[in-house]
Structures are given as C-alpha cells and as structure tokens.
Amino acid sequence: MASSETPDNPAPSTSPEAPTAADRGSTAAALEAARREKLAKLGELGVDPWGHRFDNVQSMAELRAEAEGMDPADQEGPTVRVAGRILLLRNAGRLVFLTLADRSGRIQVMLGKKQVGPEVWPVVGCLDLGDIVGVDGRLGYSNSGEITVFASSLTFLTKSIETPPDKYHGLVDAELRQRMRYLDLIHGDGVLERFTARIRIIEAVRRTLTDRRYLEVEGPTLHTIAGGAAARPFATHHNALDMPIVMRIALELHLKRLLVGGMERVFELGRVYRNEGISTRHNPEFTMLEAYEAYGNYETMMDLTEAIILNAAEAAGTPTQHAWMGKEIDLSAPFRRARYDDLLAEVTGCDPADPASVAAAAATREIETAGRHPDVIKSELFEATVEEKLINPTFVIDYPAGVCPLTKRKRDNPAIAERFELYVCGMELANAYTELNDPDLQEELFRTQLAGLDDDESMARMDHDFIKALRHGMPPAGGLGIGIDRLVMLLTGASSIRDVILFPIQRPQAE
RNA sequence: GGGGCCGUAGCUCAGCGGUAGAGCAAGGGACUUUUAAUCCUUUGGUCCAGGGUUCGAAUCCCUGCGGCCCCA
C-alpha cells in the first residue's frame, strides 16, 4: 500500500502502477485517491500519518465543564490537550475550524495560519473529515461564543482513507449501520450512549448480585447435552474426542451443579446460542443472566428481579416512567403479581382448571389441540392471548406443571409449578423457579417429557450426569434467568434487539 | 414458514415508461471567528443481479441476492 514512507513518489495517482481515479471510473476510487495524495504529502512533510502515543489528553466533556466556569471574554484560558476524530471542518482561508469528537462529546478547534506557524500550517491542508488528530492550545470562546481550543500545535494521529458518511445525516441505512457499527457509533445519534448504557446496565446487574454475596462463575459454553431450556442448539463436532458438541442454550444445569457443590449463591452473565428464528426480539446469540440462591424460592427471586431491574434503570439513567414500544411503562416496584390461571380466565373467559374448556378456547384461535399435552395447549393459548396485554411489569406466577420440568411443584397442588415469568410490553424479560431438587422426580419428569413432547416443545434432555449431581443433594433454591438484551431494550427504549447488540448476526455481504 | 415495503453517485435522497438529478462529500479558486460555514467552479453512475414485456425500462413483470417491518 502507498504510504508516507515513499515521499519521492508522492501521489499514488501519478504512479504508473496505480490507475488514476478517472481510469477506474469510480467516485469511491477518486475519493480515496484524494486522501492518499494527502497521505503522501504528510510523508513529504515528515509527518507520520499513523501517529504515536499521545499522553495527557483531556476529555471534551471535561473541557466543556471547565469552560462553563470561564469568562467568555477571557483571553488567557488554560492550556489544554485534546485528541479526537474530525467530524466537521470549516475552512475560512487562513483559519480552519474543526469539530473534534471523542467518546465524551465534541469540541471546536481553531487552527490559524499565523497561530500554528509555517511548520504546521501545511499539515492543516492535509486534514480530511474522519482523520484523528491531537491538539494543544488555549481553551476559550470564539467570537460567536463557541467553546473553542485555539490551537498552538497540531499532532497528526491517524489518517482515514475512507470517506465518512454524510456529515449531517450520518449513516441511515439500517444494513450499513449494522455492518459498519463503528461508523454508527461515530455518527449515529445516541448510538454510543445506548451501548454505553448497556455496559452500565451489565455493571449494575453484576453489582446487585455481588453485593448480595453471589459468586460469579463461568460455565462451559460447549455442551454434550443441550439442556435447561426448550430450544434447538447449534451443533458442531469435537475432533480430538470425535464426538458431537452443542453450543449451550442455557446456563441452568451447570449452575445447579455448583449449588450442589456448596457455592450457595452463584450467577453467570454469559452468551447462549439458539439455532432459531431471527426477529426484533431474537438474535441467535444473546446474553443471559442466570442466578441461583440456596434456601430461597421463586418469591426470593421476585425480590431479586425487582432489585436488579431498578438498579439497572438507575445506572442507565432511565426514569421510572418512560415510553417503550409506543407504550408508557411504569417501573415502580413492587411489580404487579398475577396468577397464570387468573390471567388466562380474565382474558379468554375459559376455565383454566378444565382442560376441555381450555382446548375449546384454543381451538377458536386456531391453535392445534389434537394429541397435545393439555398444559402445552394452555401455554400456547396464554402466549396467544395474555402476553400482549401485559404492558407494565407483571410477574405471572404459578405455571401449569406440565411445561415446567425443572420446577418444584406447589406443596398443596402438584399440578402447579412455582414458576414466574416477568412480562413488560408483551415481552418475556425474566423466568424463574423454585428449583426442583428431587432427583427421582427430576428423572421421571425428564422421561415423561421426552416421551410426550416434540423436541421443540420439551425443555428436557435426559442428563444423567445432572441427575447424579441432584442425587448428592442440591439445597432448596430459587433460580432466575433474565434476558439481558431485552432488559437493555427496555431501559434504553430500543425497539429492536439489533439496536442493543453491537454486532448482530447478518448474512455475509454479497461480493 | 406467510404477507408487505425497500435497494439510484462515497453518504442522504428525488426521479416511477422517453434515455441520469439534487444536497453533502471530493478536486480547483476566494475568505483570520466559522459552526450542517458561505460564495464561484469542476468532477463523479453496470440506477442490486439475471431474465422478460416494450420502438424504448432506473421506472412494468418474473426469478435471485441483500435489508427492514408485520404475522405464525
């Protein structure tokens, strides 16, 4: 590649090897050629266009705060140092204004021919939008009242060879924004802030748990049995062991092994993989929190869930009441708690205790009923009717046992499992159980599930090693799972999971 | 899986049967207080791909590719 190291061959477009922009007949090539000429010019000027260590940089936000306290007429502002990317460049002859951006914000820089001197001024002529520069100068206000760093020197830090997107609209095309997330982060309104909020949210989730003496662990992501949830796994193969491997679809069964191992309070924040559909709420890999607390139950986990969400909202700066998916959401705790059967009866008018009544209600909504487990029919009816009605955070509690093979049954009613799911805006955000710790019942439930349900419907994969662990004694416990991406959506107001995942899955770009 | 919408210059978009347009960006020129700077000027395209209809297709139809949305 042409670079500054060939000063005696300054402009690549004049090299016999490199076709001129016109030869290539492409605007993109012409734009690149213009930048490469400046790259070569920098070399001639003895400037390294790729830059070096640049210490003691102050953030734009810091400097803005400092300038707020200054008298705008003050000509003797402090000497400061900034570094950032050129987002805007206004050339007024022997005076050039830059809008420089770092991750904290933007600040204006003024470069004057007289002020920077004859050594540096030719370098100013090599600046393009997208270049990264460092500036030393005096902090103050321009004539029009803009906070400005009046440069006394300019340090070139990195040349950009590519043309940046439209300086005003930025990248609009959703495909390009995802394929070139780095540009989306630079130019997209609120994008960097949203992903920063995601980081704060995850920090808050972690802190909420560690403050409660939870231990954070890392379970295996390569499993031999895809257990702990109902989902199709990604399958692969381990060569040395010559055996099939699946990517994990849940964190559950290994965390429970650690409860057996006496860790008492454990959690994992990690990626899980499900080989299923892609939508505004589904990405094949997503981030899940699972937490298990010995001697607790699902009510313990409701309290924990509220604490996690409220702390996360605070960390993200999300007000208690805000709009999401076009609805007004109120995050005030305690969240509503409503029994599964009560909601189903309320919305559909059927009798949840009577399988025939449930089936009849399901049939009117074109849900397949023939030969299916009554609790599965009930579950589909619930999904089709009740979920969308749950706008404000609602703990749906006490699920039909038939769809909860890993959950402890109610002491007085074995048909009901001590499970809750948390819904907001019709979206499932969390799922929790009083954990089943009876190894014999667990094994039996795995078996009946395997016998009675399709793979897709069943959460059960017979896992003898897990049963063996339960046989050694897992303390009674509450367990919780939270979809972190969806939580971030809720707290940042994003309507698509792709807006909260830096690099969501995409088909490869056509050549 | 079913339905709808979209793909035109590096970016943002117009054109929707008569042979390619604008703004920004880029090149040249002017300007020492601009801020989406301004002014003058120049350049820039396999109209996603492949078929079809037509005297004529960016435009209409089909298929494919990529994307977005809705439903299951």
Side-chain angles (χ1 to χ4, degrees), chain A residues 11 13-14 20-38 41 72-73 75 86-101 106-117 121 124-131 137-138 140-151 160-180 183-184 186-189 276-282 325-326 362 365-368 380-381 383-385 387-388 426 456 495-499 504-511:
Chain A
S13 62
T14 62
T20 65
D23 289 339
R24 281 189 276 177
S26 147
T27 317
L31 294 172
E32 179 178 337
R35 283 167 179 260
R36 287 200 180 274
E37 278 173 32
K38 292 178 186 170
K41 178 120 180 281
Q75 300 294 308
I86 302 173
L87 292 189
L88 297 171
L89 187 153
R90 296 174 289 281
N91 189 335
R94 277 158 284 182
L95 209 53
V96 168
F97 293 91
L98 306 178
T99 299
L100 271 199
R106 300 178 176 190
I107 208 158
Q108 173 169 274
V109 169
M110 193 189 90
L111 298 155
K113 184 178 184 184
K114 193 186 280 181
Q115 290 85 338
V116 298
W121 188 243
V124 175
C126 295
L127 297 179
D128 280 310
L129 296 180
D131 291 351
R138 188 174 53 72
Y141 285 79
S142 72
N143 285 357
S144 51
E146 177 78 19
I147 296 171
T148 301
V149 176
F150 296 90
S160 172
I161 295 303
E162 289 280 342
T163 311
D166 189 293
K167 68 185 180 185
Y168 184 63
H169 301 94
L171 268 195
V172 171
D173 184 85
E175 179 181 356
L176 293 180
R177 290 178 53 194
Q178 288 168 35
R179 288 198 193 281
M180 296 192 281
L183 291 183
D184 195 30
I186 296 166
H187 297 100
D189 212 21
E276 299 184 336
I278 295 168
S279 77
T280 48
R281 338 182 143 191
H282 298 88
M325 314 280 251
R365 289 168 179 83
E366 291 172 359
I367 292 166
E368 183 63 48
E380 291 204 4
L381 180 62
E383 276 179 37
T385 58
E387 284 186 7
E388 67 194 34
D456 286 355
S495 57
S496 170
I497 199 167
R498 276 176 218 154
D499 292 335
I505 189 129
Q506 288 195 297
R507 284 197 171 84
Q509 200 158 24
E511 286 298 315

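Remember, it's a predicted structure, so these values are computed and weren't measured experimentally.
On a pure distance criterion of 3.5 Å, a polar donor-acceptor pair joins the side chain of A/Q108 and the base of B/U34. Not a single donor-acceptor contact under 3.5 angstrom links the side-chain atoms of A/S144 to the base of B/U33.
Across every strand in view, B/U38 sits in a pair with B/A30 that passes the Watson-Crick or G-U test at under 3.5 angstrom. When both pairing distances are held under 3.5 Å, B/G1 makes a Watson-Crick or G-U pair with B/C71.
The side chain of A/R507 sits closest to B/G67 out of B/U34, B/G67, B/C11. Out of B/U33, B/C11, B/C13, the shortest distance to the side chain of A/M110 is found at B/U33.
Nucleic acid contact for A/G170: sugar-phosphate only, since backbone atoms but no base atoms lie under 4.0 Å from a heavy atom of the residue.
Listed by chain and residue number, A/E175, A/Q178, A/R179 satisfy the side chain to side chain contact (heavy atoms under 4.5 Å, CB included) test with A/Q506 (two or more places apart in sequence, or in another chain). Applying the salt bridge (Lys or Arg N to Asp or Glu O under 4.0 Å) rule to A/E387 yields no partners; only residues at least two apart in sequence or on another chain are considered.
Taking atom CG of residue A/L88 and atom C1' of nucleotide B/U38, one finds them 15 Å apart after rounding to whole Å. One atom, CE of A/M180, and another, P of B/C11, lie 7 Å apart when rounded to the nearest Å. Per the geometry, CD belonging to A/E368 stands 20 Å off P belonging to B/G1, to the nearest Å. One interatomic measurement links the two molecules: NZ of A/K114 to P of B/U33, which rounds to 12 Å at whole-angstrom precision.
Between A/L381 and A/I367, the closest side-chain pair of non-hydrogen atoms falls below 4.5 Å.
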Output one line per pair: protein atom, nucleotide atom from nucleotides 68-72 of chain B, and distance, for all N/O pairs under 3.5 Å.
unit_1 : atom_1 : unit_2 : atom_2 : d
B/C68  : OP1    : A/R498 : NH1    : 2.4
B/C68  : OP2    : A/R498 : NH1    : 3.3

Distances for protein N/O vs nucleotides 22-26 of chain B N/O pairs under 3.5 angstrom?
unit_1 : atom_1 : unit_2 : atom_2 : d
B/G23  : N2     : A/D166 : OD2    : 2.7
B/C24  : O3'    : A/K167 : NZ     : 3.3
B/A25  : OP1    : A/K167 : NZ     : 2.5

Between protein and nucleotides 29-31 of chain B, what N or O pairs are separated by less than 3.5 Å?
unit_1 : atom_1 : unit_2 : atom_2 : d
B/C31  : N3     : A/N91  : O      : 3.4
B/C31  : N3     : A/G93  : N      : 3.1
B/C31  : N4     : A/N91  : OD1    : 3.4
B/C31  : N4     : A/G93  : N      : 3.2

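For the C1' atom pair drawn from B/G10 and B/U43, the interatomic distance equals 14 Å after rounding to whole Å.
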Return a table of donor-acceptor pairs under 3.5 angstrom between the side chains of residues 90-101 of chain A and protein atoms on other chains or two or more places apart.
unit_1 : atom_1 : unit_2 : atom_2 : d
A/R90  : NH1    : A/T99  : OG1    : 3.4
A/R90  : NH2    : A/T99  : OG1    : 3.4
A/R90  : NH2    : A/Q108 : OE1    : 2.7
A/N91  : OD1    : A/G93  : N      : 3.0

